[in-house]
Structures are given as C-alpha cells and as structure tokens.
Amino acid sequence: MNSCRYPCESEAGEFIRQLLLSGGACACGMTPVASVSDNESRIYSGWLESGRNAGMEYMERNMELREDPRMLHEGTRTVISAAYNYRPAAHSPYFADYALGADYHYVLRERLDKAAAELCARFGGTYRVVVDSAPMRERYWAVRSGIGFIADNGFLCVPGYGMAVLLGFILWTGEPAAVSVPDKGECRHCGRCRAACPGRAIDEYGQIDARRCLSYLTIEHRGEFAGGIPPMSKVYGCDICRRVCPLDTGPATDISEFKPADGLMALTPSEMVSMTAGQFRRMFSGSAVFRLRVQGLRRNAQMYCRQKNSDVK
C-alpha cells in the first residue's frame, strides 16, 4: 500500500493505461468497485458445496472479502486490471508454460507497484496491489474491467493474446476516470477442452473439478496420490485444455523474466526423481515451481515415469 496527496484528474484512466502497457501489460482496464453479483456468488458457493475445490480449503475462508474488494483495501473505488502475456516461444514437455521463467507473483507485483505509485503521485489516493495474493475474484474483475472473457475451460481469454496471460490488480481509492466496457467476445463452445482433459475435470457449464484436474493434483495437492491420478501430460501442471482451444493464439511474450530458464528446459523426469534439496533450491529458487518443494517434484516425477513405463525405481 502507498499513500498520495494530489486530487484526481480526468485523464487518470489514460495515464494508468499507458503506464501499464509500457510496463509490459498486454491488456488493461478499470471499473468502479462494487459487490460481486448475486448470481456469481451463488455459482461460487455451489462450486464449493460440491467439494470441487478439493484440498484448497482456503477458498472457503474469507468469503466476505471475496465478495467485495473494498474490504481488501479501505476506500477502494476503482479496480484496475492488467493482463501479462507469458506465452513461451518454446514449450517444455514437463512444466506448464507459466512456470518456465521467474515467479510471476514477484514480476507482476514489481511492475504494478511502480505504475500504481506513479498514478497516486499524479492523481492522489492510496492503493493495494493484488497478484494472486488476496481473496479476490480475479477473473470476475478482469471481465468487468473489459480485458477479456471466460472460456469453457475456465481461462480468461484476451483477444489477440489468447489464454496464456497472468492477472494483476490495483485497488485504488481514486474515481475511475475511464470506465471499460466488458469485452463482447465469447467462447465457441466447441467442446475441445472437455474432450481433451485427461481427468474429465471440466463440466458442461465450464466449471472445473479440482479433484480430477492435473494442474491441481501436480501443484496444489499435498502428500501422496491416493489411488493414482489421470494420465499426466507434464510433471508440473498440464496446459492441455488451454492449448487445444482454437482461441488460444497469440505472440510469444516479450517479458524477459518469463523467458524459459535453460536448465529447466533440459531437465528430465529421471533427474527430477533423484534431485536433492540443494539442487532443487538452486534450480527453482525464484520460480513458481519452488512452492511445490523437492518432495512434491520427486513425487510427480515418479508418477510420471511410472505412467510412462519407465524403469526408474
């Protein structure tokens, strides 16, 4: 959070838009803050009640904060949303695309903090930056801010950039000078994501059952796999439902921190199985993979090798 002293002026919307785009965002927008719609709240509550959040019990907590960003930062009047392209020029056979470079939490926070501080220095108010770090309905606010629409696979699709985007937000106490109109794009409902999902985790309404989703199982799940898991597309994450979508097209990222690390791209599952804690720390410190811990990476690699009929013991 930061505080500032100057009154808001009418050109604030264009000012922050230029700051965010020059700072690497591929799309951005702003919208007045309000409580999340009743319909969206009912959908989310139903998803939780059905147990499809699996072991992510934190998603059941702080419900009042999830419903209203004003409770995350006192005095918030504007939600500013920004999307950042992470699409790699080359894919890894073992790691999800978003995890190939530096940890996006730090990369996006640094850029958004810089932009928000300049916004406040010019137009006043206080702010809070959120990058997957607070109980906030992020895709909901991205849609309200006009930067994309939700596809049947649950991803936000940004026209011209597809679904390989990461989201960050600025909760600002200033008035929205240029309110964005929600994007009129729409999913083609072709069913490719549902058909391709190894765990059949996507239902006909585009809701994800984390209990059957490889991204959840290989990243969020702790402990051993009970009774095995669906056929693994990668050791960390999945990407299948995104990459089969005809809407997921766009240029490779030009954000240098998201460029794949050479060591990671060359790493094999058999090397992961025997990786020491020190090797893991040296390779993945500063990466989103680091939160999995070495035990989780070994577990995933062993299951991957087992499924691929490897001789790894």
Side-chain angles (χ1 to χ4, degrees), residues 25-29 31 36-54 56 59 66-67 79 81-88 91 96-98 132 136-167 169 180-220 229-234 237-253:
C26 62
C28 56
T31 189
V36 171
S37 71
D38 291 342
N39 184 56
E40 287 294 327
S41 294
R42 283 193 295 270
I43 291 173
Y44 186 73
S45 295
W47 183 77
L48 291 173
E49 289 167 5
S50 68
R52 283 178 282 183
N53 58 318
M56 296 180 286
M59 302 187 79
R66 295 182 189 279
E67 300 304 303
V79 177
S81 306
Y84 295 81
N85 176 24
Y86 68 82
R87 189 182 306 278
H91 303 285
D97 288 344
Y98 86 90
D132 197 18
M136 181 175 170
R137 301 286 296 281
E138 295 187 341
R139 288 173 298 171
Y140 173 85
W141 289 106
V143 172
R144 288 288 299 268
S145 298
I147 65 176
F149 58 91
I150 306 299
D152 282 351
N153 58 11
F155 280 85
L156 179 81
C157 183
V158 175
Y161 291 89
M163 301 167 185
V165 296
L166 296 162
L167 298 174
F169 301 86
S180 304
V181 177
D183 190 274
K184 295 186 181 299
E186 185 179 358
C187 179
R188 297 180 186 177
H189 309 297
C190 64
R192 293 186 189 179
C193 57
R194 286 189 293 276
C197 176
R200 299 294 184 264
I202 309 171
D203 70 14
E204 65 270 28
Y205 304 107
Q207 291 198 327
I208 312 299
D209 189 338
R211 296 168 296 189
R212 304 168 66 179
C213 173
L214 283 170
S215 283
Y216 165 78
L217 290 168
T218 60
I219 299 173
E220 297 286 344
I229 62 173
M232 296 172 69
S233 60
K234 295 182 183 294
C238 183
D239 284 345
I240 285 179
C241 69
R242 194 202 89 221
R243 291 182 57 188
V244 300
C245 179
L247 298 175
D248 185 41
T249 59
T253 184

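These numbers come from a predicted model, not from an experiment.
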Side chain proximity check, [X] to [Y], heavy atoms < 4.5 angstrom:
| X | Y | answer |
| --- | --- | --- |
| Tyr84 | Cys26 | no |
| Leu156 | Val143 | yes |
| Cys245 | Cys193 | no |

Ignoring hydrogens, what is the shortest heavy-atom contact between [X] and [Y]? Give both atom names and the distance.
| X | Y | answer |
| --- | --- | --- |
| Pro251 | Tyr161 | CG-CE2, 3.8 Å |
| Cys238 | Ala96 | N-CB, 4.3 Å |
| Pro231 | Pro198 | O-CB, 3.5 Å |
| Arg200 | Ala196 | NH1-C, 4.3 Å |
| Ala151 | Cys187 | CA-CB, 3.8 Å |
| Gly46 | Arg52 | O-NH2, 4.3 Å |

Between [X] and [Y] (side chain of the first, backbone of the second, donor and acceptor by atom type, cut-off under 3.5 Å), is there such a pair?
| X | Y | answer |
| --- | --- | --- |
| Asp152 | Arg194 | no |
| Asp239 | Asp97 | yes |
| Tyr44 | Glu67 | no |
| Arg212 | Ala201 | no |
| Glu138 | Asp132 | yes |
| Arg242 | Asp248 | no |
| Asn153 | Cys241 | yes |

Drop me the distance from [X]'s [atom1] to [Y]'s [atom2], to the nearest 0.5 angstrom.
| X | Y | atom1 | atom2 | result |
| --- | --- | --- | --- | --- |
| Asn53 | Asp209 | CG | CG | 9.5 Å |
| Arg243 | Arg192 | CZ | CZ | 14.5 Å |
| Arg211 | Met56 | CZ | CE | 10.5 Å |
| Phe169 | Met136 | CZ | CE | 5.0 Å |
| Lys234 | Leu214 | NZ | CG | 11.5 Å |

| note | salt bridge (Lys or Arg N to Asp or Glu O under 4.0 Å) test vs Glu40 passes for just one of Arg144, Arg139, Arg137, Arg66, namely Arg137
| query | What residue among Thr218, Ile219, Ile208 forms side chain to side chain contact (heavy atoms under 4.5 Å, CB included) with Cys213? | reply | Ile208
| Candidates Ile150, Val165, Leu247, Ile147 - the one meeting side chain to side chain contact (heavy atoms under 4.5 Å, CB included) with Cys157 | Leu247
